[in-house]
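Working notes for the structure below.
Chain A is the first sequence line, chain B the second, and so forth, proteins listed ahead of strands; every chain is numbered from 1.
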Protein chains: 2
Amino acid sequence: MNKETLSTIAKRTGYSVTTVSRVISGNAASHRIPENTAKAIMDEVKRCNYTPSAIAKSLRTSKSGTIGLILPSVANPYFAEIAGAVIAEAKAKGYFTIVLDTMEQKKNMEECARILYGRQVEGMIVIPSGDDPSLLERLDSHLPIVLMDRSYDYSTLSYVTTNNYEGGLMGTRLLIKSGHTRIACIQGEKEMPVSERVKGYRDAMREAGLEENISISGNEFSAHCGYLETALLLSSEDRPTAIFALSSTILLGAMKAIKEHQLMIPDDIALLSFDDNLYMDYTTPVITRIRQPLEDMAKLAVKILFGRIENTLTASSQLRLSPSLITGESHKTCHSPTEPSVLQGN
Amino acid sequence: MNKETLSTIAKRTGYSVTTVSRVISGNAASHRIPENTAKAIMDEVKRCNYTPSAIAKSLRTSKSGTIGLILPSVANPYFAEIAGAVIAEAKAKGYFTIVLDTMEQKKNMEECARILYGRQVEGMIVIPSGDDPSLLERLDSHLPIVLMDRSYDYSTLSYVTTNNYEGGLMGTRLLIKSGHTRIACIQGEKEMPVSERVKGYRDAMREAGLEENISISGNEFSAHCGYLETALLLSSEDRPTAIFALSSTILLGAMKAIKEHQLMIPDDIALLSFDDNLYMDYTTPVITRIRQPLEDMAKLAVKILFGRIENTLTASSQLRLSPSLITGESHKTCHSPTEPSVLQGN
DNA sequence: TTATTTTGCGATATCGTTTGTGCAATTGAG
DNA sequence: CTCAATTGCACAAACGATATCGCAAAATAA
């Protein structure tokens, strides 16, 4: 069985390529092609197991039925979850998704964007790396681009992110309301999405008249970094009574350090995490955390993208979605509980 | 800036499309095109930011520089890790990867395979769903397919999987050697990769003359299923002293149930898990587990795939890689410790 | 019967590349 | 100065689909 094309089928059925094409792409009716002609052709198509060349079709129509998704690392469960959601949403629109991994490098990101452009994707969703939007902005004038999870300052590119500032604020306020005063925050990386969380933390501490205590080490979200920073915090003179871990991996490191210091959560030290993860429901105690609305973000990003693909949406949309609080037991305090009933109900 | 093509550049530089094409695709030298001609063309290419149409190129050359990866669910961290590894390996070979998600449905899998075929991918790596290899086998005669993680019985398709039987055997033997005799095994799903693990468990129990105790519930790897099964096991008359969780999510559920029964790991009940996951190093105690060699699997799968793409490899390769044991503290026993020194050193 | 409409389908150009063939102009040899 | 070899480039045919015309034959109307 060699390669099948429209013309091999045309030859065998005795009709022209034109007619065969029309039948196969479902336009038989609008071209007054009678049922039995169509049936003869479809029978042959099935018999020889013909699959149209999507590539030739794209070349001709300049529609590829494809969107691109560029992200820093598929192996990272957080991005993987986003990828899953985007793929599902796009599929629901009849599109499929090419996923490209930049390994967190701006150079790769730009190469990926070019590759997708060359492959005629009809739009792309990008979780950007680096802080220079210029290439993406240039591409955006040719095909719609929507950023996700991260955005650039001072760029007109559309984006959908979590309101990270709000998350930082919300989390810190919860800890304060729970009676903590010495609250440390472990940052992990310095750049865009996290720095907003830190701002939220800062403002919450300020508004309560409390002293900030921010740990930055390395420039990554590693569990090891969380471990080291926590160990340092715990051995300080007036150690904090609560730690706000700005990512789920930092949380893991923090938990390990706390265990090694033989402290109990939350009695000796309270914990709050950014990001949600299955295991957090299964730890002792259940971790209180700020969950980013991944599903909604993906849905909206795809929706905006298709709005622009179909030209029903022209203006740039910049959206920040509110994170939500998942209340566990890890954030409470035993030092000076304030309004515990309110907290429970949260 | 409208759409740039070879011919717009040809027009502006005064050369022919042919020459422009040769310069751009790096074949200037072999066609005796002088340096300054090449330079003039490249300058113009840069100036107008031209990106070749990969689609047209593929159509012409029937090479797409693309492989496909079909998997059950990108959102699942286990598959996401595989995806990351495959993408990285393919990239190292100069190829890029289209990732398609089947949502664990055979029908989707087949559609995905067709789509990729139509997109002219040069090969595909598939983590199959269902138990009917016929479509994939048919496609395999047109373009190379390599299965990963799961395989079909009685199919000639190439595959690279973990030796799940060995994993089951190894894990169970470890528990036996650690002095356990009442060892339960929680299966989760019934199909291919896991059923092999169960066989290993069975054989190990038999060879030690111990009684099997296999829990199957639902047909999924859910934490909830692990929770229910464990709760059941723990409340039975002669409850097991060790539980072998055949996936990392089952492990989570098991841990929750154990905690609720106020039992200590490993003193009251020992735990062993299949699959590796960051959090397992951060639990109390550290979880002993059977790790699948994901990286190696991905490397080999890609290597085999390219062997077939480049035609240096013609026979079908069916590989089962040995899993490895990561020794934590969760598998030990306090009931009747046997050769503890040997265990420690493991 | 003739004019008109409808039915059923086909030729051909085109999308943006690559590539085999070919041919003038230049250079070098004799 | 003549002839061959080399240099520098272009023409045109694919690749496999779609889309714009268009046209003969059959059906219907007048």
For a quick check, tell me whether the side chain of A:Arg22 and the base of D:dT20 share a donor-acceptor pair closer than 3.5 Å. yes

Once you round it to whole Å, what is the distance between P of C:dT17 and CZ of A:Arg119? 13 Å

Between C:dG16 (C1') and B:Ile9 (CD1): distance, integer Å: 12 Å

Closest to the B:Pro52 side chain: C:dT19, C:dT17, D:dA10? C:dT17

Is there a side-chain polar atom (N or O) of A:Ser16 under 4.0 Å from OP1 or OP2 of C:dG10? yes

Checking B:Lys106, B:Arg138, B:Lys107 against B:Asp132 for salt bridge (Lys or Arg N to Asp or Glu O under 4.0 Å), the one that qualifies is B:Lys106

Between D:dG8 (C1') and B:Asn27 (CG): distance, integer Å: 16 Å

What is the distance, rounded to the nearest whole Å, between atom CD1 of A:Ile41 and atom P of C:dG8? 13 Å

The side chain of A:Ser53 is closest to which nucleotide in this list: C:dG8, D:dA17, C:dG16? D:dA17

Rounded to whole angstrom units, what separation is found between the NZ atom of B:Lys63 and the P atom of D:dG16? 13 Å

When rounded to whole Å, the CD to C1' distance for the pair B:Glu35 and D:dT7 reads 15 Å

B:Ile24 or A:Thr18, whichever maps to the more 5' nucleotide of DNA chain C: A:Thr18

Closest to the 5' end of DNA chain D, once A:Ser25 and A:Arg32 are matched to their nearest nucleotides, is A:Ser25

Check the surroundings of atom NZ in A:Lys93: do more than 12 heavy atoms from other residues, nucleotides or ligands lie under 6.0 Å from it? yes

Answer yes when B:Asp43 and B:Arg47 have at least one side-chain N-carboxylate O distance shorter than 4.0 Å, and no when they do not. no

With a 6.0 Å cut-off on the ring centroids, do A:Tyr152 and A:Tyr159 count as close? no

A:Ile55 CD1 to D:dG16 C1', straight-line distance once rounded to whole Å: 10 Å

Within the structure shown, what part of the strands sits under 4.0 Å from A:Gly118 by heavy-atom distance: base, sugar-phosphate, or nothing? nothing

Can you find a side chain N or O atom of A:Ser21 that sits less than 4.0 Å from OP1 or OP2 on D:dT18? yes

Which nucleotide in the set D:dT18, C:dT17, C:dT7 lies at the smallest distance from any side-chain heavy atom of B:Tyr50? C:dT17

Over how many whole Å does the gap from A:His31 atom NE2 to D:dG22 atom C1' extend? 14 Å

Between D:dC9 and B:Thr37, is there an OP1 or OP2 to side-chain N/O distance shorter than 4.0 Å? yes

Most 5' of A:Lys57 and B:Thr19 on DNA chain D, judged by nearest nucleotide: B:Thr19

Taking B:Glu122 for the side chain and B:Gly65 for the main chain, is one N or O donor matched with an acceptor at less than 3.5 Å? yes

